[in-house]
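Working notes, structure below.
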Amino acid sequence: MRFFSPLRRLRGWQRLCRALSGPARQAHGETRVRYSRGEVSLDPASFVEWNVLVLGDYEGDEKRIFCDLARQRGRTGVCLDVGANVGMHSLTFAETFDQAVSVEPNPPVFNRLVRNIASGSNGNVTPHNVGLADADGELLFYQPTEANQGTGTFDPMFAPANAREIALPIRIGDELVAESGLAGRIDAIKIDVQGFEPQVLAGLAATLRECRPLLWFEVSDSTIERMADYGGVKGVVPFDFDLFRFRTHAVAGLFYQTELVACDADAQLTNADYLVVPKG
């Protein structure tokens, strides 16, 4: 079905693909496909990977917008990908940025990330098997027991059904950045950690203050609740910025298009992906 991936923008096409052969209908396993600068191994029973296999990519328009903005700002040095999963975002970022740094705490997912980096990049992606937070130590991680391993989280409110509880290491993001020799060099950050975004942002406070990076983060119900404890977006982003939300809508009722919509940083967040663009 990947042959038909150019049709993914057609209204109703993705819904039809999911109904006929969605990830819930797939057997757990791995398939090798061309992606980015090489090949990757993907599990059709995993939501993100199924999208790449069948529809050609996952969040492809959002990644294009993100990378285009980085190029326009002349900030394409280092991109930090927190919650890297099996590497579909990191590999795309590595095509635009000089270096991508992939952070993934879940050991089985991390192992697949490493393999995909080795076969799908030019060697400019560095993986770290750890979770980022606002403290060092260990924390219970809710590991999925089903094929869709990308839903694992440190946030109990976001725990998948029948999750396995395991203790995994967490690090303050600023410390990991400094120890990696990247202090003052982070140009962009993407965070998708299933509700744990506020803690990650709090642990990157010094990096955010010093680097003023382009920042893409996911918001869920759990993120909204916890963000309030940190003073909202303005409480975790220590520089002046404009806030945007990614919005996908149908044009003329036929084709889907993704764009950025300006938001009020003081207003209530909704379940969506947001983009922080530094002013000046």
Side-chain angles (χ1 to χ4, degrees), residues 2 28-60 62-64 66-67 70-71 75-132 141 143-144 147-153 168-171 173 176-182 185-194 196 200 204 207 213-214 216-218:
R2 204 177 192 216
H28 180 47
E30 292 190 13
T31 301
R32 296 284 291 181
V33 296
R34 293 285 304 175
Y35 190 82
S36 190
R37 291 169 168 164
E39 289 189 342
V40 295
S41 293
L42 301 176
D43 183 351
S46 173
F47 178 76
V48 170
E49 298 166 68
W50 176 88
N51 273 267
V52 177
L53 281 168
V54 176
L55 302 175
D57 206 352
Y58 176 71
E59 294 189 334
E62 291 87 344
K63 289 186 288 187
R64 175 186 52 78
F66 184 72
C67 291
R71 280 189 289 265
R75 298 284 303 275
T76 56
V78 180
C79 181
L80 178 61
D81 183 7
V82 186
N85 202 317
V86 297
M88 298 302 96
H89 286 70
S90 292
L91 291 174
T92 300
F93 297 154
E95 296 174 15
T96 295
F97 294 86
D98 297 333
Q99 181 181 358
V101 178
S102 305
V103 180
E104 173 54 51
N106 192 359
V109 175
F110 178 78
N111 292 338
R112 298 187 57 222
L113 168 67
V114 170
R115 294 201 302 272
N116 284 339
I117 288 172
S119 61
S121 74
N122 284 347
N124 61 333
V125 184
T126 304
H128 293 275
N129 188 198
V130 68
L132 296 193
F141 182 82
Q143 185 183 63
N148 191 12
Q149 288 288 308
T151 59
T153 180
L168 293 179
I170 54 172
R171 296 292 312 279
L176 180 67
V177 168
E179 290 172 8
S180 301
L182 298 174
R185 297 175 54 197
I186 303 298
D187 289 326
I189 301 174
K190 186 277 289 180
I191 306 173
D192 182 355
V193 287
Q194 308 297 312
F196 207 64
V200 173
L204 286 166
T207 298
L214 194 64
W216 170 9
F217 63 98
E218 183 186 56

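As a basis for the values below, the full set of heavy atoms in this structure was taken, side chains included, without hydrogen atoms, waters or symmetry mates.
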Contact check, side chains of Val40 and Val33, non-hydrogen atoms, under 4.5 Å: yes
Sub-4.5 Å side-chain heavy-atom contact between Leu80 and Leu182: no
Flag, side chain of Asn116 to backbone of Gly87, donor-acceptor distance under 3.5 Å: no
4.5 Å side-chain heavy-atom contact, Leu214 and Arg75: no
Nearest-0.5 Å distance that lies between atom CE in Met88 and atom OG in Ser46: 10.0 Å
Glu95 and Lys63 ion-paired at < 4.0 Å: no
Pairwise distance CZ(Phe93) to CD1(Ile189) - rounded to 0.5 angstrom: 11.0 Å
Donor on one side chain, acceptor on other, Arg71 and Thr96, under 3.5 Å: yes
Heavy-atom side-chain contact between Leu55 and Trp50 under 4.5 Å: yes
Any Trp216 side-chain heavy atom under 4.5 Å of Glu59 side chain: yes
Any donor-acceptor N/O pair, Ser119 side chain to Glu39 backbone, under 3.5 Å: yes
Considering all heavy atoms, the nearest Arg37-Asn122 contact: CD-ND2, 3.3 Å
CZ on Arg112 to CG on Leu42, rounded to 0.5 Å: 7.0 Å
Contact summary for Ser121 and Leu91, nearest pair of heavy atoms: CB-CD2, 3.7 Å
Ser102 and Ile117: CA distance, side-chain angles, deciding distance, side-chain contact (heavy atoms from CB on, under 4.5 Å) verdict: CA-CA 10 Å; Ser102 305; Ile117 288 172; 4.2 Å; yes
Test: Glu30 and Arg115 ion pair at under 4.0 Å: yes
Check against side-chain contact (heavy atoms from CB on, under 4.5 Å), Thr31 and Glu49: CA-CA 10 Å; Thr31 301; Glu49 298 166 68; over 6 Å; no
Side-chain heavy-atom pair His128, Arg171 within 4.5 angstrom cut-off: no
Contact check, side chains of Phe110 and Pro105, non-hydrogen atoms, under 4.5 Å: no
Side chain proximity check, Val86 to Val109, heavy atoms < 4.5 angstrom: yes
Tyr35/Asp57 under side-chain contact (heavy atoms from CB on, under 4.5 Å): CA gap, chis, key distance, verdict: CA-CA 9 Å; Tyr35 190 82; Asp57 206 352; 2.9 Å; yes
Exam field: side chain Asp192 to backbone Glu218, donor-acceptor pair closer than 3.5 Å: no
Asp43 side chain to Gly29 backbone, donor-acceptor under 3.5 Å: yes
Selection residues 82-92 - residue pairs positive for salt bridge (Lys or Arg N to Asp or Glu O under 4.0 Å), sequence neighbours left out: none
Which atom of Thr207 lies closest to which atom of Pro213, heavy atoms considered: O-CD, 4.3 Å
Evaluation steps, salt bridge (Lys or Arg N to Asp or Glu O under 4.0 Å), between Lys190 and Glu62: CA-CA 11 Å; Lys190 186 277 289 180; Glu62 291 87 344; over 6 Å; no
Backbone N/O of Glu104 and side chain of Asn129: donor-acceptor pair under 3.5 Å: yes
Where Gly150 and Gln194 come nearest, the two heavy atoms and their spacing: O-NE2, 3.8 Å
Heavy-atom closest contact (Val130 atom, Leu176 atom, distance): CG1-CD2, 4.3 Å
Val78/Asp98 under side-chain contact (heavy atoms from CB on, under 4.5 Å): CA gap, chis, key distance, verdict: CA-CA 6 Å; Val78 180; Asp98 297 333; over 6 Å; no
Nearest heavy-atom neighbours spanning Pro107 and Gln143: CD-NE2, 4.3 Å
CZ-CG distance between Phe196 and Leu132, expressed to the nearest 0.5 angstrom: 9.5 Å
Whether His89 and Tyr58 hold their rings parallel, tilted or perpendicular, with breakpoints at 30° and 60°: perpendicular
